[in-house]
Amino acid sequence: MLSLRQRAALASAGAVTTMAAVIVVMTADASAAGTRYEAETSPAVCTGTIDSNWSGFSGSGFCNGTNAVGAYAQFTVTAAAAGTATVDVRYANGATASRPADVLVNGVTRVAAVAFDPTGGWSTWVTKTVTVPVNAGSNTIRLSPTTSNGLPNVDYLDLGPGASPSASATPPGRPPQCTGSAPITCHFDVNPGNYTVTAWIGDQASAGNTSMSVEARRRILSAVTTAAGTITQYVFTVNVRQPEGQPTGQGGTGTPGLDVTFAGSSPRLSGLTVQPASSPLVVYLAGDSTVCDQPTAPYTGWGQILPTHVSAGAVVANYADSGESSGSFLSNSALFPTMKPLIKPNDLVFIQFGHNDKTTTASTFRSNLTSMINQVREKRGVPVLMTPPVRRLFSGSQLTDTALHVNSVGVNLPAEIRSLGSSLGVPVIDLTAKSEALVESLGPTASAALYLQQSVDGVTDNTHFSEYGAGRMADLVVQGIRERNLSLVGYLR
Ligand code: GCU
Ligand code: CA
C-alpha cells in the first residue's frame with residue numbers, strides 16, 4: 001500500500017523518534033552524571049504538599065500536587081549551555097488513569113500533555129523522559145497537569161546534558177507527505193488502525209495560528225497561537241478507518257490512509273511523525289447523523305469535535321452513520337458487525353439512537369439496545385447509553401414532545417433508555433436532558449445558532465448541528481463522561 005517514497009519518508013520519520021529514544025538511553029546514563037533536583041528542595045515549588053508516606057522516594061519527600069488542573073511542580077535548573085536538554089521525571093501514579101501534564105520551560109509550553117501513566121502503586125516509581133529546549137544558565141521547568149486528577153506524585157527531576165541537535169527531539173521538519181501552506185495538508189499511506197501522531201506546531205522564524213484536523217473534518221486541536229521561535233510538540237492518538245467519515249460512505253469514502261490538515265489563520269508546522277499506537281483506550285461511537293464524522297460542511301456531528309477533548313493514549317473511533325436507527329445500526333454489515341470484532345477489554349462504546357427510531361416500538365427499541373449492550377459485554381467492552389440530543393422545536397418557551405424524542409407511536413425513547421440503563425447496570429449520559437436545558441435556556445431565537453440555519457448554512461435544520469452546536473454538544477458529552485466517571489476521564493484534556 002505504501003509507495004517506496006512514502007515508506008522511506010515514514011521510515012525516516014520513525015528514525016527521528018527512534019533516535020530520540022536512543023538519546024534517552026544515552027542521556028539517562030549521562031544524567032546520572034547530570035544534575036538531580038528534588039521536588040522538596042527550594043527553589044522547587046509544589047502546589048500541594050511535600051509528603052513522605054509512600055516509600056521508595058529519593059531525598060526527604062515528594063510533591064503530592066493538589067488534584068486540580070494547573071496545580072504544578074516546578075523546578076529551577078541550571079543548564080551548562082543553550083540547546084536541547086533531556087529531562088527525566090521520577091514519579092509514581094497509583095491511580096488507574098494516566099495523569100497528563102504540560103511541560104513548560106520558562107513559562108512556555110514545550111511538550112503538551114505528557115502522559116504520566118499509572119505505575120501500579122504509589123510506591124512504584126518510574127522515570128518519564130522528555131526533551132526540551134533550554135537557555136544557558138537558569139531555567140524553570142514546570143509540570144502543569146491538564147486534567148482535574150492533577151499530577152502524579154513527583155519525586156525528582158534529572159537534567160541531562162544537552163543532546164546534540166541532530167539527534168534530539170528538535171523538530172524534525174516538515175515531512176514530504178505535507179504540501180501547501182494555508183492549509184497545510186499531509187497524507188500518510190497507512191492501513192486502518194490507531195496511530196500516534198506527533199506534531200510540532202509553530203515556527204522558528206515566524207508567528208502562527210494553527211489548528212489541526214484529520215480525516216473527514218475530525219477536529220483534533222482548535223487553533224493555537226504561537227510566537228516566532230515557539231514550537232510546541234503535541235502528541236495525539238488518531239483512528240484511521242476506510243471509508244473515512246461515515247462507515248456506509250455517505251458524503252464520500254475519502255482517501256485510504258491518514259489525512260492531516262493544519263489550518264488556522266497562519267498555519268505553522270515544524271514536524272509531523274506517524275507511528276502505530278499500542279493498545280490505546282478506544283471510545284467507539286455508535287449513533288446517527290448527529291454523532292458521525294460528517295465529510296461535508298456545514299453538517300457536523302458532535303463525535304467529530306469530541307477528539308479535541310481527548311489526550312494521547314485514548315482515541316475516538318466514530319462508527320456513527322447518517323439515518324441509522326437502533327435496528328439498522330445492528331444489522332448493517334458496515335456498522336455494528338464491523339465495529340464489534342475491534343472492541344477490546346475495557347474499551348468504551350457509546351450508544352446513541354432515537355432520531356431515526358420514529359416508528360420503533362418500545363419493546364423493539366429495548367431489544368435492539370440490549371443486543372448491542374450484550375455484544376459489547378461479550379467482548380468485555382464497557383457500554384454507555386446516551387439519550388439523543390433534542391431537536392429545536394418549540395411550543396412557546398418549551399420544547400415539544402417531538403423535540404424530546406417521543407416518537408410517532410408514542411414511545412418516550414429517552415425514558416426507555418434511562419430505564420434500560422438502570423435495569424442493565426449500564427451508565428447513561430442523559431444528553432436529551434442536558435441539551436434540553438441548554439436549548440431552552442437559550443430560547444427559541446438564540447438556540448438557532450446551535451443548528452443549521454438557512455441564513456448561514458443555506459439549509460434550515462432543527463435537527464443537525466452547526467460546527468458551533470456540535471462543539472456545545474461535545475462539551476455536554478464531556479460533562480456526562482465526568483459525571484459518570486468513565487475511564488476516559490483520565491485522558492480528558
Ligand atoms: C492518594 C495518595 C497520594 C496521591 C493521591 C492522588 O491520596 O496517598 O499520595 O497524591 O492519592 O490521587 O493524587
Ligand atoms: Ca495528589
Side-chain angles (χ1 to χ4, degrees), residues 36-77 87-105 109-130 132 140-159 235 237 279-281 283 309-314 345-348 382 384 427 429 478-493:
R36 178 155 302 173
Y37 298 88
E38 295 285 352
E40 67 275 19
T41 307
S42 176
V45 182
C46 170
T47 311
T49 55
I50 300 299
D51 289 356
S52 55
N53 57 330
W54 297 105
S55 62
F57 55 84
S58 125
S60 60
F62 55 84
C63 172
N64 167 2
T66 304
N67 297 19
V69 173
Y72 59 84
Q74 180 171 294
F75 300 83
T76 302
V77 303
V87 168
D88 296 326
V89 178
R90 189 165 189 258
Y91 78 95
N93 177 358
T96 52
S98 184
R99 294 197 172 180
D102 291 341
V103 179
L104 289 79
V105 180
T109 300
R110 294 300 188 168
V111 191
V114 173
F116 289 95
D117 290 334
T119 59
W122 292 109
S123 299
T124 305
W125 301 88
V126 303
T127 299
K128 179 81 183 182
T129 304
V130 294
V132 292
T140 59
I141 298 182
R142 179 181 294 194
L143 309 176
S144 183
T146 58
T147 76
S148 57
N149 289 333
L151 285 177
N153 289 342
V154 177
D155 186 14
Y156 63 68
L157 177 154
D158 274 341
L159 185 76
V235 185
T237 311
S279 14
L281 169 67
V283 183
H309 295 278
V310 177
S311 302
N346 302 319
D347 282 345
L348 294 163
V382 179
V384 177
I429 295 180
V478 167
Q479 199 182 73
I481 290 167
R482 291 190 194 282
E483 287 163 359
R484 295 285 161 258
N485 200 21
L486 304 177
S487 58
L488 186 63
V489 167
Y491 295 91
L492 290 174
R493 290 187 216 166

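Numbering of ligands and ligand atoms starts at 1, following listing order. Predicted, not measured: the structure shown is a model, and the values here were computed from it.
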With sequence neighbours excluded, residues passing salt bridge (Lys or Arg N to Asp or Glu O under 4.0 Å) with Asp347: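 Asp347: salt bridge (Lys or Arg N to Asp or Glu O under 4.0 Å) contacts with Lys344.
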Set of residues satisfying salt bridge (Lys or Arg N to Asp or Glu O under 4.0 Å) with respect to Arg493, sequence neighbours excluded: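 If we apply the salt bridge (Lys or Arg N to Asp or Glu O under 4.0 Å) test to Arg493, skipping adjacent residues, there are no hits.
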Proximity winner for atom 11 (O) of ligand 1, if only heavy atoms of Trp54, Trp122, Phe62 are counted: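 Checking each option, the heavy atom nearest atom 11 (O) of ligand 1 is found in Trp122.
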Atoms of ligand 1, numbered as shown, that sit under 4.0 Å from any heavy atom of Asn153: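 Near Asn153, meaning under 4.0 Å from one of its heavy atoms, ligand 1 has 3 (C), 4 (C), 9 (O), 10 (O).
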Side-chain H-bond candidate by donor/acceptor type, Thr119 with Asn93, under 3.5 Å: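 No, no side-chain donor-acceptor contact under 3.5 Å.
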Ligand 1 contact by Asn67, heavy-atom criterion under 4.0 angstrom: yes
N/O separation below 3.5 Å, Arg99 to ligand 1: yes
Under 3.5 Å: N/O of Asn64 near N/O of ligand 1: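 Yes: some nitrogen or oxygen of Asn64 is under 3.5 Å from one in ligand 1.
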Among Thr127, Val89, Asp88, Val87, side-chain contact (heavy atoms from CB on, under 4.5 Å) partner for Asp158: Asp88
Residue that, paired with Phe62, satisfies ring-ring contact (aromatic ring centres under 6.0 Å, His included) out of Tyr156, Trp125, Tyr91: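 Exactly one option meets the ring-ring contact (aromatic ring centres under 6.0 Å, His included) with Phe62, and it is Trp125.
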